[in-house]
Protein chains: 2
Amino acid sequence: MVKSNAARLDSIFHALADPTRRALLRDVSAGAKSVGDLARPHALTLAAVSKHLKVLEAAELVARQRRGSFQIVRLNAPALLDADEWLAYYRPFWSSRLDALAQHLEGENQ
Amino acid sequence: MVKSNAARLDSIFHALADPTRRALLRDVSAGAKSVGDLARPHALTLAAVSKHLKVLEAAELVARQRRGSFQIVRLNAPALLDADEWLAYYRPFWSSRLDALAQHLEGENQ
DNA sequence: GCTACATTCAACCATATGGTTAAATCGAAC
DNA sequence: GTTCGATTTAACCATATGGTTGAATGTAGC
C-alpha cells in the first residue's frame, strides 16, 4: 500500500509526537537492538513498547528483522527526510530577517 | 506555563500530524489571515477550524491578534526551529553513506 | 515433543481527537 | 441598546490512542 505524501507525513509526525517513541528512535540510532533491550530502560510493559514500535514501523522510521528468537530493530532514517523536506519550506521564515520582512508584508495585507 | 522541551516537541509534532493543520500553516505562511479566510478553502465548519487553530496556537506555531471583530492569525515560524533541531540529530544517518556505515556497525553489534 | 524465552495479540479501560450542530460571546455600526 | 457579522464555546458522537494484564505464538535447545 503506497501512502500519499500527506498520509506519510501524517504517520511520521504522529510517530514523532510521543516522547517514548522519540526516545526509542534515539536509542536505536546508537545501533540496532532487540525489542527487549529497547524496552528495558523505559518504565513500560513489553506490550506497550511493542505497540510503539509498530507505530514507528508504520511510519517507516524503523525496520525489523528476525534474528533467532529476537526481533532486531534498526533505524530507518530516510523517512525523516520527508519531514525534513516539509520543514525546509519554512526555513526562510525563521532564518534571517526574512521573518521581519514577512511580518511587515502581513501588516500591509489588510 | 513553560513547557519542558519534550512537551514542546510533543505539541509541535502533534500539531503537524494533521493534514488540515499543515495546510493552515501553509496558508498562513503566505500572509496573516482572518479565521474566516483560513476556513473558507477547507471543507470544514468554522468551529472545526477554530479548534485546529487552537492546537497550532498551543504549539506556538501561530499567533493571533484581534483586529476589529476579526482574529488575525499569523505564522510563528520559530517554533518549527525546535522541530528542525530535533531532526538535525538524525541528518547524519540519512545523508551520505554514513547510513551504510551505521548499518554495518549494527551488524557487528550482536 | 517439552520447556524456556522473546515477542505479539486480544480484550479491556480511560482519555484524547476530530468532527458536527446550536448557543453564546464579542466588537462594530447604526 | 439592538442588530449584524466573526469567532468561540458547549454538548455531543465515533473513533483513535496509550496503557494495562493475560493468553497465544514462534524459535531454540534439550
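Quick note on labels: first sequence line is chain A, next is B, and so on, each numbered from 1.
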Which donor-acceptor pairs under 3.5 Å do the side chains of residues 17-24 of chain B make with protein atoms, sequence neighbours left out?
from: B:D18; atom 1: OD1; to: B:T20; atom 2: N; distance (Å): 2.8
from: B:D18; atom 1: OD1; to: B:R21; atom 2: N; distance (Å): 3.1
from: B:R21; atom 1: NE; to: B:A15; atom 2: O; distance (Å): 2.9
from: B:R21; atom 1: NH1; to: B:H52; atom 2: ND1; distance (Å): 3.2
from: B:R21; atom 1: NH2; to: B:H14; atom 2: O; distance (Å): 3.1
from: B:R22; atom 1: NH1; to: A:D10; atom 2: OD1; distance (Å): 2.9
from: B:R22; atom 1: NH1; to: B:L16; atom 2: O; distance (Å): 2.8
from: B:R22; atom 1: NH2; to: A:A6; atom 2: O; distance (Å): 3.1
from: B:R22; atom 1: NH2; to: A:D10; atom 2: OD1; distance (Å): 2.8

Fill in the blank from the handout: With B for base contact, S for sugar-phosphate-only contact and - for none (protein heavy atoms under 4.0 Å), nucleotides 10-26 of chain C reads -------SBBBB-----
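Atom P of nucleotide C:dT7 and atom CZ of A:R40 are separated by 9 Å, given to the nearest angstrom. Protein atom CD of A:E57 is 8 Å distant from nucleotide atom P of C:dT8, rounded to whole Å. Across the protein-nucleic acid pair, A:Q71 atom CD and C:dC9 atom C1' stand 14 Å apart, rounded to whole Å. As a whole-Å value, the separation of A:R67 CZ from D:dG26 C1' is 18 Å. Following rounding to the nearest Å, A:R64 (CZ) and C:dT7 (P) show an atom-to-atom distance of 9 Å.
Using a cut-off of 4.0 Å between Lys/Arg side-chain N and Asp/Glu carboxylate O, A:K33 and A:D27 are scored as not salt-bridged.
By the 30° and 60° cut-offs, the orientation of the rings of B:W86 relative to B:F13 is perpendicular.
Between A:L81 and B:W94, the closest heavy-atom pair is CD1-NE1, 3.4 Å. The nearest pair of heavy atoms linking B:A48 to B:L44 is CB-CB, 4.2 Å.
A 4.5 Å side-chain heavy-atom check between A:R64 and A:L56 finds every atom pair outside the cut-off.
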